[in-house]
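Below is one structure, written out as structure tokens, with a few remarks after it.
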Amino acid sequence: MEGQSNYVPPPYIPLGQSDSEAEVVLHNDDMPVPACPGINSDGPAQWSSGICACCDDMQSCCIGLVCPCFLFGKNAEFLGSGTLMGSCMTHFVMWALVNTVCCLLTDGILLGLPGCFISCYACGYRRELRLKYNLQEAPCGDFVTHFFCHLCAICQEYREIHERSGHSNPPDLNLGVVTAPPVQTMESSST
């Protein structure tokens with residue numbers, strides 16, 4: 001996963017603005033480069049990527065889809081709000097176990113109830129991230145974003161942490177690298 005450090009998300013452009021209206025900044029080589037929108041001293045900055053830009057970073061997207069508690073734990077660990085295992089296990093209990101119990105006990109009627117619990121828990125971390133980087137509360141409030149788009153919100157928060165940390169100490173997903181064994185051949189011995 002050596003390519004992870006080269007990830008640069010595309011600039012975030014608000015829904016009401018087109019690509020051509022986005023600011024353009026000239027670098028030393030006179031090549032137009034889109035400016036990082038929202039980074040100003042006037043008010044809150046914009047997120048570096050949108051809530052639905054999960055596929056911009058396929059590694060965090062896949063991990064967030066298959067095991068969201070791990071990605072949530074990495075985000076919480078970076079924010080200093082807890083340990084990886086503590087936040088990961090709390091997320092797992094609130095998301096998977098409570099969801100399963102509610103679904104089994106009510107024959108699927110209260111399937112959405114655990115989403116309320118996990119949203120209450122996760123919106124505090126999103127608020128902490130917004131305050132740390134002076135980000136706007138977008139696309140909706142923190143609770144609503146996690147209630148309706150929990151997996152996308154976790155991936156967006158990871159991408160934001162990765163982008164804004166300046167790669168000085170970004171959260172590493174620590175995926176093992178698998179290499180194929182060497183090719184083996186059989187030779188007959190002639191005696």
Side-chain angles (χ1 to χ4, degrees), residues 7 9 12-16 37-39 43-165 169-175:
Y7 170 72
Y12 175 73
I13 300 174
L15 290 175
I39 299 178
Q46 291 181 351
W47 292 80
S48 63
S49 61
I51 190 80
C52 295
C54 296
C55 294
D56 288 349
D57 182 13
M58 286 305 294
Q59 183 182 21
S60 67
C61 178
C62 292
I63 292 174
L65 180 64
V66 175
C67 188
C69 57
F70 178 76
L71 197 58
F72 181 82
K74 292 302 275 185
N75 292 348
E77 181 182 41
F78 178 81
L79 291 171
S81 301
T83 62
L84 170 65
M85 286 307 296
S87 299
C88 181
M89 288 308 294
T90 304
H91 186 277
F92 176 75
V93 167
M94 293 180 84
W95 180 261
L97 295 181
V98 174
N99 197 12
T100 303
V101 169
C102 283
C103 187
L104 291 175
L105 294 179
T106 63
D107 292 329
I109 294 172
L110 295 179
L111 182 61
L113 182 65
C116 184
F117 295 130
I118 195 66
S119 298
C120 290
Y121 179 62
C123 74
Y125 288 97
R126 188 173 180 88
R127 185 178 311 112
E128 189 175 327
L129 179 67
R130 282 191 314 100
L131 292 175
K132 181 173 183 161
Y133 294 121
N134 189 29
L135 298 168
Q136 60 181 261
E137 196 170 7
C140 302
D142 297 331
F143 176 80
V144 174
T145 301
H146 270 284
F147 187 78
F148 290 107
C149 303
H150 180 63
L151 300 179
C152 294
I154 291 173
C155 291
Q156 182 190 33
E157 292 161 10
Y158 176 81
R159 289 190 311 271
E160 193 69 30
I161 289 169
H162 190 266
E163 176 67 21
R164 301 237 180 204
S165 66
N169 190 15
D172 185 17
L173 295 179
N174 292 330
L175 296 177

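Since the structure is predicted, the reported quantities are computational estimates derived from the model, not experimental observations.
Each of Leu129, Leu71, Ile63 was scored for a side chain to side chain contact (heavy atoms under 4.5 Å, CB included) with Tyr158, with one residue passing: Leu71.
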Please report the C-alpha distance between Leu79 and Lys132 in whole Å, then the side-chain angles of each, then the deciding distance to 0.1 Å, and finally whether the side-chain contact (heavy atoms from CB on, under 4.5 Å) criterion is met. CA-CA 9 Å; Leu79 291 171; Lys132 181 173 183 161; 4.1 Å; yes
Step by step, work out the side-chain contact (heavy atoms from CB on, under 4.5 Å) result for Phe143 and Cys120. CA-CA 6 Å; Phe143 176 80; Cys120 290; 3.7 Å; yes
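Put simply, OG on Ser60 and NZ on Lys74 are 13.0 Å apart, with the number rounded to the nearest 0.5 Å. Taken from CG in Leu135 to CZ in Arg127, the straight-line distance is 14.0 Å, to the nearest 0.5 Å. The line from CZ of Phe92 to SG of Cys67 is 8.5 Å long, rounded to the nearest 0.5 Å. His146 contributes atom NE2, which lies 12.0 Å from atom SG of Cys140 (distance to the nearest 0.5 angstrom). For the atom pair CG of Asn75 and SG of Cys155, the computed distance is 8.5 Å after rounding to the nearest 0.5 Å.
For the pair Trp47 (side chain) and Glu157 (backbone), a donor-acceptor distance under 3.5 Å is absent. Remark: the backbone N or O of Gly50 is paired with a side-chain donor or acceptor of Arg159 at under 3.5 angstrom.
For Val93, the side chain to side chain contact (heavy atoms under 4.5 Å, CB included) test picks out Leu97, with sequence neighbours left out. For Glu160, the salt bridge (charged side-chain N to carboxylate O under 4.0 Å, His left out) partners are Arg164, not counting sequence neighbours. The ring pair (Phe, Tyr, Trp, His ring centres under 6.0 Å) test applied to Tyr133 returns no partner, not counting sequence neighbours.
When all heavy atoms of Cys149 and Ile51 are compared, the pair lying nearest together is CB-CG1, 4.4 Å. Between Ser87 and Ala76, the shortest heavy-atom contact is OG-CB, 3.3 Å. The two atoms that bring Leu65 and Pro68 nearest to each other are O-CD, 4.1 Å, heavy atoms only. The nearest pair of heavy atoms linking Gln156 to Ser49 is NE2-O, 2.9 Å. What you find for Arg126 and Pro139 is that their closest heavy atoms are NH2-CD, 4.2 Å.
Considering only heavy atoms from C-beta on, Pro44 comes within 4.5 Å of Asn134 through its side chain. Residues Tyr125 and His91 have side chains not in contact (no heavy-atom distance under 4.5 Å, counting atoms from C-beta outward). For the pair Gln136/Gln46, a side-chain contact is recorded, criterion being any heavy-atom separation below 4.5 Å from C-beta on.
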